[in-house]
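Structure first, then comments.
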Amino acid sequence: MQVDSAILADFVQENHGKLYITGGGIDTLFANAVPVRHPSLGIAFRLTLSPAELGRSHQLEVLLVNADGGRLATVTAKIQADRPPQGTTGWPVSVPLAINFANIEFPTLGDYQFDLMVNNSSINSIRFRVVQVPTAQRPV
């Protein structure tokens, strides 16, 4: 199983095989002070399954971890893609997924990442950071 694409955004949604992304491409969150609570973060990603992975259930885990590997949040789900109809084989089977996190609290400034795990194996990570708002941009 491979991750074709993955993006961190303000909000994501999957609808009929398409991914809808609002405020995508996040790699930095700005904070006036910590701890900081971010109202909404979403991950949109597309998994590509091999023929051997089709027709059976797979355990998906998305872990939000800090730079030391400490977990801040975990989402688990079961995913399954069925074999395509006869005559359409040979094209990869993809599963688009959208996961949103509400009101995540980041206790410190620094590096964080979402680790994508399938069947207890890491398949991708999305790194981002939480930094202090530059002094010139802070509200008065």
Side-chain angles (χ1 to χ4, degrees):
M1 192 171 306
Q2 292 182 295
V3 176
D4 263 354
S5 57
I7 192 165
L8 188 59
D10 287 329
F11 181 79
V12 296
Q13 182 179 13
E14 185 277 332
N15 189 7
H16 299 290
K18 294 180 182 179
L19 291 168
Y20 294 86
I21 301 166
T22 302
I26 295 172
D27 69 357
T28 304
L29 300 175
F30 295 96
N32 286 319
V34 288
V36 62
R37 191 170 295 277
H38 196 72
S40 177
L41 271 180
I43 304 169
F45 57 101
R46 191 174 82 166
L47 301 175
T48 301
L49 286 76
S50 70
E53 296 168 322
L54 299 174
R56 60 186 175 98
S57 181
H58 300 278
Q59 179 68 35
L60 172 73
E61 265 188 303
V62 179
L63 312 172
L64 172 59
V65 297
N66 63 20
D68 296 328
R71 288 188 190 185
L72 278 72
T74 303
V75 171
T76 60
K78 297 273 187 198
I79 56 171
Q80 181 172 332
D82 294 322
R83 296 189 183 284
Q86 290 294 339
T88 60
T89 57
W91 191 259
V93 174
S94 296
V95 177
L97 296 167
I99 299 173
N100 290 290
F101 294 82
N103 293 313
I104 299 174
E105 183 174 295
F106 296 97
T108 62
L109 301 175
D111 296 338
Y112 293 87
Q113 68 186 41
F114 283 102
D115 290 329
L116 308 177
M117 313 276 292
V118 173
N119 301 328
N120 296 316
S121 294
S122 177
I123 61 170
N124 199 2
S125 293
I126 302 171
R127 295 182 58 212
F128 64 100
R129 61 192 177 152
V130 177
V131 301
Q132 184 79 43
V133 173
T135 306
Q137 295 179 9
R138 288 188 194 166
V140 183

In the structure I gave you, are the side-chain heavy atoms of [X] and [Y] within less than 4.5 Å of one another anywhere?
X      : Y      : result
Phe101 : Ile43  : yes
Leu97  : Ile79  : yes
Leu47  : Leu116 : no
Val133 : Val36  : no
Gln59  : Lys78  : yes
Glu61  : Asn120 : yes
Leu49  : His58  : yes

* Decide yes or no on side-chain hydrogen bond (donor to acceptor under 3.5 Å, both in side chains) for Asp4 and Gln2, but give the supporting numbers first. => CA-CA 6 Å; Asp4 263 354; Gln2 292 182 295; over 6 Å; no
Between [atom1] of [X] and [atom2] of [Y], what distance do you get to the nearest 0.5 Å?
X      : Y      : atom1 : atom2 : result
Gln113 : Leu63  : CD    : CG    : 9.5 Å
His38  : Tyr112 : NE2   : OH    : 13.0 Å
Leu8   : Phe45  : CG    : CZ    : 12.0 Å
Leu41  : Phe114 : CG    : CZ    : 5.5 Å
Leu64  : Thr74  : CG    : OG1   : 8.5 Å

* To do: Check step by step if side chain to side chain contact (heavy atoms under 4.5 Å, CB included) holds for Glu53 and Asn119.
  => CA-CA 11 Å; Glu53 296 168 322; Asn119 301 328; over 6 Å; no
* Which of these, Thr28, Asp111, Asp27, sits in a side-chain hydrogen bond (donor to acceptor under 3.5 Å, both in side chains) with Arg129? ->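 Answer to the side-chain hydrogen bond (donor to acceptor under 3.5 Å, both in side chains) test with Arg129 among Thr28, Asp111, Asp27: Thr28.
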Quick one: closest heavy-atom pair of [X] and [Y], and the distance?
X      : Y      : value
Phe106 : Leu29  : CE1-CD1, 3.8 Å
Ala31  : Leu109 : CB-CD2, 4.4 Å
Asn124 : Ala6   : ND2-CB, 3.7 Å
Gly24  : Ala9   : CA-CB, 3.5 Å
Val65  : Leu72  : C-CD1, 4.3 Å
His16  : Glu14  : N-OE2, 3.4 Å

Group every Ile, Leu, Val, Met, Phe, Trp and Tyr by side-chain heavy-atom contacts under 4.5 Å, then state whether [X] and [Y] land in the same group.
X      : Y      : value
Val95  : Ile21  : no
Phe128 : Phe30  : no
Leu19  : Val118 : no
Ile104 : Val75  : yes
Val12  : Val3   : no

* Are a donor atom and an acceptor atom from the side chains of Ser125 and Asp115 found within less than 3.5 Å of each other? -> yes
* Asked: In terms of heavy-atom contacts, does CG of Asn103 have more than 12 from other residues, nucleotides or ligands at under 6.0 Å?
  -> yes
* Quick one: does Thr48's side chain have a donor or acceptor within less than 3.5 Å of a partner on Ser94's backbone? ->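 Looks like no, no N/O pair under 3.5 Å.
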* Between Asp68 (side chain) and Gly70 (backbone), is there a donor-acceptor pair under 3.5 Å? ->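 Here the side-chain-to-backbone pair does not exist.
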* Answer with yes or no after comparing the ring centroid distance for Tyr20 and Phe11 against a 6.0 Å cut-off, counting only values under it. => no
